[in-house]
Amino acid sequence: MDKRPIGIFDSGLGGLSAVKTVLAHLPNEDVIYFGDSGRAPYGTRSEKTIEQYAKEDIEFLEKFDCKLIMAACGTVSSVAKNAISHVKVPFVEVVKPASAAAVKATKNNKIGVMGTSATINSGSYIEEIAKFNKDIDVCGVSCPLLVSLVENNWIDSDNYIAKEIIKRYLEPLMQKGVDTIILGCTHFPHLAPIISQVIGEEITLIDTGYEAGMKAKEILLSQDISNDAAHKGDAVYYVSDRTQNFSNIANTLLGTDISDKAKFVDIK
Ligand code: DGL
């Protein structure tokens with residue numbers, strides 16, 4: 001038994017797709033979340049800046065003596081290799097578990113990846129999928145505007161503008177005839193209902209936040225570091241900008257009011 005919390009971070013609200021999974025599937029675990037909303041987005045920045053931000057985010061979570069740290073961020077997982085390599089506790093990123101799920105799901109060996117510019121330029125998903133099967137055709141599209149849609153809560157299924165933007169981004173994937181799409185940025189699962197409306201329910205969408213959350217569960221069980229089964233887990237949310245902006249949208253994304261659990265932190 002290990003009572004220490006799980007630390008999860010992202011540039012902002014995206015990582016809540018992983019938090020949702022952890023709260024549902026690991027109900028005895030405490031979570032410390034860090035959303036770097038003051039410095040989001042990450043996905044349009046240089047490798048050097050992303051490495052620096054990831055290093056600081058990890059150092060912040062290490063102060064809480066976390067038993068596992070998760071980069072619930074496709075951009076950090078794809079680009080910040082150096083920062084990630086220094087984590088001393090069990091670590092979960094999103095590229096490996098999401099790629100494994102996509103390889104399992106595809107029937108026609110054509111997988112699409114929607115990600116931030118940094119993620120798509122890194123080729124991380126292509127590289128990871130090739131480790132499973134070199135014959136799978138992977139087509140990536142950078143979708144930077146989708147991060148802003150989520151950060152501004154433009155995620156309702158009848159949002160006309162969100163739908164038009166998504167339609168544009170999905171065009172190359174539709175032309176390729178992919179049957180599976182990795183939502184390679186953790187912000188995107190929050191837009192999954194609109195993405196499905198546009199591309200069709202028959203296309204499998206892989207939720208990076210969900211896959212990373214389930215990977216964390218697998219590690220806690222295999223390393224026997226779960227919390228006490230009688231303990232009711234809780235989460236605290238640290239953000240590097242106005243907590244009110246964050247919690248207003250987080251309430252919708254998580255389906256529960258977290259306003260009194262959101263705290264400001266000056267990451268510097
Ligand atoms: N949610 C992050 C990702 O998975 C970062 C998005 C951003 O800040 O650009 O890539």
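Every number for a ligand or one of its atoms is a count from 1 in the order of the listing.
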Using a plain distance cutoff, I'd like to know if G43 has any nitrogen or oxygen under 3.5 Å from a nitrogen or oxygen of ligand 1.
yes
Within this structure, what is the CG-CG distance for the pair D2 and D228, rounded to the nearest 0.5 Å?
11.5 Å
Name the closest protein heavy atom to atom 4 (O) of ligand 1, giving the residue it belongs to and the distance to 0.1 Å.
G74 N, 2.5 Å
Examine H187 against ligand 1 and note whether any of their N/O atoms are separated by less than 3.5 Å.
yes
Going by atom types alone, do T75 and S78 pair a side-chain donor with an acceptor below 3.5 Å?
no
Checking K48, E56, K55 against Q52 for side-chain hydrogen bond (donor to acceptor under 3.5 Å, both in side chains), the one that qualifies is E56
Of all the atoms in ligand 1, which lie at a distance below 4.0 Å from a heavy atom belonging to C185?
1 (N), 2 (C), 3 (C), 4 (O), 6 (C), 10 (O)
In terms of its nearest heavy atom to atom 5 (C) of ligand 1, the top option of S148, S11, S78, A118 is S11
Under 4.0 Å from a heavy atom of T75: which atoms of ligand 1 are those, numbered in the order shown and with their elements?
3 (C), 4 (O), 5 (C), 10 (O)
Provide, to 0.1 Å, the distance between atom 2 (C) of ligand 1 and the closest protein heavy atom, together with that atom's residue and name.
D10 OD1, 3.1 Å
So ring pair (Phe, Tyr, Trp, His ring centres under 6.0 Å) across residues 38-94, not counting sequence neighbours, yields F34-F60, Y42-Y53, F60-F64, F60-Y238, F64-Y238
Polar proximity ligand 1 side, Y42 side, N/O cut 3.5 Å exclusive
yes
